[in-house]
Each structure stands twice: as C-alpha cells, then as structure tokens.
Trainee: 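There's a structure below that I have some questions on.
Note: hydrogens, waters and symmetry copies are ignored here, and every other heavy atom, side chains too, is used. We name chains A, B, ... by the order of the sequence lines, and we start the count at 1 in each one.
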Amino acid sequence: EPEVTQTPSHQVTQMGQEVILRCVPISNHLYFYWYRQILGQKVEFLVSFYNNEISEKSEIFDDQFSVERPDGSNFTLKIRSTKLEDSAMYFCATRGQGAGNTIYFGEGSWLTVV
Amino acid sequence: EDKVVQSPLSLVVHEGDTVTLNCSYEVTNFRSLLWYKQEKKAPTFLFMLTSSGIEKKSGRLSSILDKKELFSILNITATQTGDSAIYLCAVIRSGGSNYKLTFGKGTLLTVNP
C-alpha cells in the first residue's frame with residue numbers, strides 16, 4: 001500500500017528555534033494537509049494545501065507557521081519560533097483527486113519543545 | 001462549529017467479544033464520515049461512509065452510517081488483542097475539494113487475552 005513518509009520521526013528543540021518537518025506524499029496525490037495531536041488530545045486540522053497554495057487554515061496556524069512544496073515532492077511545515085505549547089505529534093496527510101478518494105496519514109513527527 | 005462525539009471514550013473487553021463503537025456528529029453540509037484506527041502513531045484508514053444505510057465491511061470490521069439520526073457505528077466481531085487501539089471518527093463537509101477532517105476524541109479499545 002502506498003505510504004506518506006515523514007521526517008524526522010522525533011525532534012527535540014529549544015524554545016525559540018525554527019523547526020522544519022518534512023513529508024513525502026503518495027505519488028500522484030494533489031491535496032496535502034498538516035494535522036497535529038497534542039498528547040492525550042484530539043487530532044486537529046492545521047492547514048490544507050493544493051496547487052501550490054494554502055486552501056484553508058485553522059486558527060492554530062498563525063504567523064509562526066508556514067508550508068511549502070519547494071521541489072515538487074517534499075511538502076514541508078515550518079515553525080519559525082517554537083513555543084512549549086507546540087510540542088505535539090504532527091501528521092502529514094495526502095489525498096488524490098476525485099470525490100471517492102480518502103485521506104492517508106503519515107507516521108507522524110513527534111516534536112518536543114524544551 | 002462542527003462537532004464529532006465518540007462513545008465510549010474507553011472500553012476494555014476480552015478476546016472474542018464483539019464491540020460497537022459510536023460516533024455522532026453535527027456538521028454543516030455533511031459529506032462523509034471516516035473511521036481510522038490509531039495504534040502507535042499514524043491514523044490508519046478503515047472506512048469512508050457517504051451514503052446512509054449501506055454497510056461497509058472489511059474482515060471482522062463493519063460500519064454503517066445513519067444520516068437522519070447523524071451517527072455511525074463501527075462493529076468489531078471476535079475481537080483480538082491486535083484490535084487494541086484508539087478508533088477515531090472524523091467528518092468532512094461538502095463544498096469544494098478541500099476535505100478538511102474534523103475528528104472526535106476517539107475510543108480507546110483494549111482487548112485482553
């Protein structure tokens with residue numbers, strides 16, 4: 001079964017540092033998403049991305065966050081200046097085109113901000 | 001604001017038991033409901049339900065959607081220890097192709113040998 005691949009699997013960073021999380025989508029998928037899950041809480045939508053632009057973002061996705069697909073393959077989430085409350089599992093998800101296509105999740109990147 | 005409520009929040013059963021997990025929702029312009037299984041990390045897709053009353057099956061798992069009463073159930077028969085996981089329910093609104101998922105809190109299922 002095709003996979004969404006995320007790196008790193010785990011990152012520890014100091015508060016205020018920049019972090020980049022990377023995702024390789026399933027080939028031919030055109031819709032990309034980032035979700036996050038704080039320990040013990042719901043999976044929450046952050047942002048959706050299609051045709052090289054953000055199509056929707058949540059309130060969580062403030063100016064500290066950005067996404068891009070710089071080389072046509074990797075889809076990245078950047079957090080410019082991390083805060084303690086950014087500690088969470090970040091999931092990349094992708095979807096193919098067409099009404100029946102579902103959303104597949106990567107294994108996640110566990111971010112710990114200290 | 002879209003709401004997805006799952007019950008129970010946790011459930012402990014013995015191998016061989018049958019379980020029913022519930023998901024109710026309130027969403028503007030409902031399109032589809034999805035079930036995922038989350039073991040250690042990534043939510044793994046189980047079912048996508050769009051039409052009411054049509055059961056979807058995969059092995060010992062099955063699910064059905066009731067769009068009139070706004071809920072779905074996920075059944076697992078003859079449970080095994082490998083079924084232990086968090087089961088997530090999520091909904092998608094219609095309109096556009098964005099497919100943003102709104103998740104419930106999940107049901108933690110523990111299957112004891």
Side-chain angles (χ1 to χ4, degrees), chain A residues 1-10 23-26 29-51 53-61 88-111, chain B residues 1-7 9-10 23-51 54 56 58-59 61 63 65 72 85-108:
Chain A
E1 186 174 295
E3 284 185 349
V4 178
T5 307
Q6 288 187 241
T7 54
S9 57
H10 187 199
C23 170
V24 179
I26 294 172
H29 278 198
L30 299 176
Y31 297 88
F32 312 116
Y33 309 85
W34 284 101
Y35 286 80
R36 80 169 185 192
Q37 188 175 30
I38 294 171
L39 191 63
Q41 297 188 23
K42 283 187 193 185
V43 178
E44 301 173 290
F45 169 78
L46 291 178
V47 65
S48 58
F49 190 86
Y50 171 70
N51 201 24
E53 60 183 25
I54 290 173
S55 41
E56 187 173 351
K57 59 183 181 179
S58 71
E59 290 175 356
I60 303 166
F61 194 88
M89 180 73 91
Y90 288 82
F91 292 110
C92 173
T94 74
R95 183 175 76 85
Q97 198 147 25
N101 280 296
T102 191
I103 298 169
Y104 293 93
F105 283 78
E107 289 282 305
S109 293
W110 183 243
L111 176 65
Chain B
E1 187 181 321
D2 298 342
K3 284 185 187 174
V4 178
V5 179
Q6 292 186 244
S7 64
L9 289 181
S10 67
C23 176
S24 63
Y25 61 89
E26 292 174 28
V27 58
T28 308
N29 298 323
F30 172 85
R31 183 189 189 113
S32 299
L33 183 145
L34 289 81
W35 284 97
Y36 287 86
K37 178 183 181 183
Q38 186 177 27
E39 294 179 84
K40 291 177 185 174
K41 287 188 179 178
T44 306
F45 172 74
L46 295 175
F47 299 111
M48 182 171 174
L49 303 155
T50 304
S51 301
I54 299 174
K56 293 217 172 176
S58 176
L61 277 67
S63 184
L65 175 68
S72 173
I86 298 173
Y87 289 83
L88 299 173
C89 173
V91 295
I92 298 174
R93 285 187 181 188
S94 66
S97 53
N98 199 20
Y99 281 38
K100 167 191 153 186
L101 289 169
T102 299
F103 281 89
K105 289 186 177 180
T107 293
L108 173 60

Trainee: Around atom NZ of A:K42, are there more than 12 heavy atoms of other residues, nucleotides or ligands at under 6.0 Å?
Mentor: yes
Trainee: Relative to chain A, which segment of B:I86 carries a heavy atom at a distance below 4.5 Å: side chain, backbone, both, or neither?
Mentor: neither
Trainee: What part of A:Q37 gets within 4.5 angstrom of chain B, counting heavy atoms only: side chain, backbone, both, or neither?
Mentor: side chain
Trainee: What's the separation between atom OG1 in A:T102 and atom CG in B:L46, rounded to the nearest 0.5 Å?
Mentor: 10.0 Å
Trainee: Give the minimum heavy-atom separation between B:Y99 and A:Y35, together with the two atoms involved.
Mentor: O-OH, 4.2 Å
Trainee: What residue, out of A:S48, A:G40, A:G108, A:S58, has the most heavy-atom pairs lying under 4.5 Å from chain B?
Mentor: A:S48
Trainee: Chain B heavy atoms under 4.5 Å from A:F49: which part of the residue, side chain, backbone, both or neither?
Mentor: neither
Trainee: If you compare all heavy atoms of B:Y36 against all heavy atoms of A:I103, which two are closest, and at what distance to 0.1 Å?
Mentor: OH-O, 2.6 Å
Trainee: How long is the gap from CZ on A:R95 to CG on B:L101, to the nearest 0.5 Å?
Mentor: 9.5 Å
Trainee: Which heavy-atom pair separates A:F105 from B:A42 by the least distance, and what is that distance?
Mentor: O-CB, 4.2 Å
